[in-house]
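Beneath this line is the structure, given in structure tokens, with notes to follow.
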2 protein chains.
Amino acid sequence: MTRRDIPDATVARLPVYLRALHPLVTAGVEVVSSEELATIAGVRSAGLRKDLSYLGSYGVRGVGYDVERLASEITRQLGLQHPWSVAIIGMGNLGHALAAYSGFATRGFRVQWLVDRDPAVVGTEIAGMRVVDFEQFAATVTEQVIAVISTPPVAAQEVADAVVELGVRSILNFAPGVLSVPSHTQVRKVDLATELQILAFHEQRGKDDARIATDGIEASG
Amino acid sequence: MTRRDIPDATVARLPVYLRALHPLVTAGVEVVSSEELATIAGVRSAGLRKDLSYLGSYGVRGVGYDVERLASEITRQLGLQHPWSVAIIGMGNLGHALAAYSGFATRGFRVQWLVDRDPAVVGTEIAGMRVVDFEQFAATVTEQVIAVISTPPVAAQEVADAVVELGVRSILNFAPGVLSVPSHTQVRKVDLATELQILAFHEQRGKDDARIATDGIEASG
DNA sequence: AAGACTTTGTGAAGGCATGCACAAAATCGC
DNA sequence: GCGATTTTGTGCATGCCTTCACAAAGTCTT
Ligand SMILES: NC(=O)c1ccc[n+]([C@@H]2O[C@H](COP(=O)([O-])OP(=O)(O)OC[C@H]3O[C@@H](n4cnc5c(N)ncnc54)[C@H](O)[C@@H]3O)[C@@H](O)[C@H]2O)c1
Ligand SMILES: NC(=O)c1ccc[n+]([C@@H]2O[C@H](COP(=O)([O-])OP(=O)(O)OC[C@H]3O[C@@H](n4cnc5c(N)ncnc54)[C@H](O)[C@@H]3O)[C@@H](O)[C@H]2O)c1
């Protein structure tokens, strides 16, 4: 029961629920109903309950869910009890912003390496961290690490190959284009122009309809 | 037939196909088969053909698809014949990177306004553009515009309310959290910490399995 | 202690998306 | 001009996700 197979769609929403729970935890709220939490998270209550049921039975009928217990259970399921190490590769405009982003640390990640190949960038300090070249990165990385690729598109594949070679099995890719990786490696991509193009399609077409959200759901009230 | 209803999943992949076609167009390739294009785009050929069939019959059996015609048809369907105006609101770390990003211009978008509320930022120049405050933005915006929100999370809702008030119906939101908007407004959100958390889940769990991609598909060869 | 009330957990149904397999349609070679 | 070959377009089956609806299980009131 604890180890049922969790559907992909549910996994993608667990982070949303966790973030929705956070203010409740800090506010000291003890219990929350699926209805309330669903509103905060921007989903339907029935779907929320079904999602949570995959984690086991952590609610109490007639009452709701214990906020702290639920948060800690989702945290455990996502594997966020201990922070993950992250390496950002490609310290250009986007890499700078990512390095300075505080949202990673508060949500279970520790940016541990800033990597670039440009000798003019290597050795400089960004957001309090020293930028290293790939060799230094390769020499110091030991633990499990998630690689964030923010190099130009033309360099993305070679960077992916190199980090896979180092044993990395999780990649977040900002460079538009398809990465070829071994089947045991997972890649998630963020393509901002694609997002805008999807918006453009609906804006152009749906003079009437218009709703649609990425994977969560846009709120109502 | 031209105006069949295009499924959301297909719409989300059209930008991928368009990007896959681009190098072929510039290389002067005249025809491409669904097999070849699917490989470039990182999808299955059967799915690609089904997706394209929603646009109408633009392939020739036994031959393939006319590269230029297909690209122009997808461009038309996405509403990208003419560039869309984009306003970036919140010129911090992320806003800077977005303003400097050349990938928007090459894929159908023109960043026309950089907006911030901080008097120390308003009036400065970023990536060759002058930063304005919201009042100046509100006074000069006339045409259809897509709003990109890159303010801190706490300001995101009020900014969304303000741009909706101006008539904006498409929002790309980088601030984590749920936005409440009228039903005729579409919101897409990009939440990087969520992406990392999904990667963390699979990395922690799937010692064996691991595949999964955002909405596209990670490549094979 | 029992009945009223609340809210979870889930079975069942419907809708979408994906993948398969093949007929239809076009070209090419002779 | 015809048969072999290639590749599209799509009907069908399968599986996944979402939504509905309600029984089960708990609390609260009296
Ligand atoms: N800037 C944005 O807002 C934005 C938005 C969406 C997507 N992207 C994508 O993100 C990527 C980075 O964008 P950017 O604007 O920061 O580009 P950029 O040119 O400013 O920075 C790229 C950096 O990568 C480094 N680099 C190049 N090859 C490398 C290698 N092999 N190993 C390590 N480092 C290497 C360069 O030295 C440079 O510092 C691009 O693929 C871009 O398409 C950027
Ligand atoms: N930096 C990143 O890489 C990154 C990554 C993912 C998500 N985000 C999110 O993107 C948003 C921006 O991040 P950032 O690092 O650039 O933050 P930042 O603090 O560097 O910049 C925020 C900017 O928004 C401006 N601002 C605040 N309120 C405003 C308002 N009402 N109207 C207009 N402008 C306003 C501020 O003056 C500031 O310039 C945040 O919500 C953050 O969570 C950032």
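Numbers restart at 1 for each chain; the letters A, B, ... are given by sequence-line order, proteins then strands.
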Ignoring backbone atoms, test whether A:Ser33 places a side-chain nitrogen or oxygen under 4.0 Å from the OP1 or OP2 oxygen of C:dT7.
no
So the salt bridge (Lys or Arg N to Asp or Glu O under 4.0 Å) pairs with at least one residue in residues 146-155 of chain B (sequence neighbours excluded) are none
Separation of C:dC16 atom C1' from B:Asp5 atom CG, nearest Å, is 13 Å
Given side-chain contact (heavy atoms from CB on, under 4.5 Å), test B:Val86 with B:Leu98 step by step and report yes or no.
CA-CA 11 Å; B:Val86 170; B:Leu98 296 174; over 6 Å; no
Phosphate oxygens OP1/OP2 of D:dT7: is one of them under 4.0 Å from a side-chain N or O of B:Ser34?
no
Contacts of type salt bridge (Lys or Arg N to Asp or Glu O under 4.0 Å), residue A:Arg107, not counting sequence neighbours:
B:Asp191
I'd like to check the side chain to side chain donor-acceptor pair (under 3.5 Å) partners of A:Ser45; sequence neighbours left out, ordered by chain and number.
A:Glu35
Side chain to side chain contact (heavy atoms under 4.5 Å, CB included) filter on A:Ala46, not counting sequence neighbours, yields A:Arg49
Would you check if B:Ile74 and B:Tyr58 make a side-chain contact, meaning some heavy-atom pair closer than 4.5 Å?
no
Starting from C1' on D:dT27, measure out to CG on A:Asp66 and report it in whole angstrom.
16 Å
Listed partners of A:Glu158 passing salt bridge (Lys or Arg N to Asp or Glu O under 4.0 Å), at least two apart
A:Arg117
Nearest whole Å is fine: how far is C:dA17 P from B:Ile6 CD1?
12 Å
Nucleotide C:dA17, atom P - distance to CG of B:Leu48 in whole Å
17 Å
Give me each pair satisfying side chain to side chain donor-acceptor pair (under 3.5 Å) with a member in residues 85-103 of chain A, each pair once, sequence neighbours excluded.
A:Ser85-A:Gln112, A:Ser85-A:Glu143
Sort me out a list of protein N/O and nucleotides 11-16 of chain D N/O pairs below 3.5 Å, or just none if empty.
unit_1: D:dG11; atom_1: O6; unit_2: B:Lys50; atom_2: NZ; d: 3.3
unit_1: D:dC12; atom_1: N4; unit_2: B:Lys50; atom_2: NZ; d: 3.3

Among D:dG9, D:dT8, D:dC22, find the nucleotide with the atom closest to the side chain of A:Arg49.
D:dC22
Kindly say if B:Tyr65 contacts the phosphate of D:dG9, meaning a side-chain N or O under 4.0 Å from OP1 or OP2.
yes
Rounded to the nearest Å, what distance is computed from the CG atom of residue B:Leu70 to the C1' atom of nucleotide D:dT8?
13 Å
Whole-Å distance, A:Arg13 CZ to D:dC17 P, equals 8 Å
Could you tell me which residues satisfy side chain to side chain contact (heavy atoms under 4.5 Å, CB included) with A:Val63, sequence neighbours excluded, listed by chain and number?
A:Val31, A:Val60
Could you tell me which residues satisfy side chain to side chain contact (heavy atoms under 4.5 Å, CB included) with A:Ile40, sequence neighbours excluded, listed by chain and number?
A:Ala20, A:Leu24
Polar-atom pairs under 3.5 Å, protein N or O versus N or O of nucleotides 24-30 of chain C: list them with distances, or write none.
unit_1: C:dA24; atom_1: N3; unit_2: B:Arg61; atom_2: NH1; d: 2.8

Go through the structure and list residues passing side chain to side chain donor-acceptor pair (under 3.5 Å) with B:Ser170, not counting sequence neighbours.
A:Glu203, B:Gln186
What is the distance, rounded to the nearest whole Å, between atom CD of A:Glu36 and atom P of C:dT8?
9 Å
Starting at OH of A:Tyr54 and ending at P of D:dT18, how long is that distance when rounded to a whole Å?
9 Å
Is B:Gly47 touching bases, backbone alone, or none of the nucleic acid, heavy atoms closer than 4.0 Å?
nothing
Enter the inter-axis angle for the ends of the helix from C:dA1-D:dT30 to C:dC30-D:dG1 (five pairs per end, rounded to 10°).
10°
Counting only side-chain heavy atoms from C-beta out, which of C:dG19, C:dT10, C:dT8 sits nearest to B:Arg44?
C:dG19
Mind running side-chain contact (heavy atoms from CB on, under 4.5 Å) on B:Leu37 and B:Tyr65 for me, showing each step along the way?
CA-CA 9 Å; B:Leu37 187 56; B:Tyr65 296 89; 5.7 Å; no
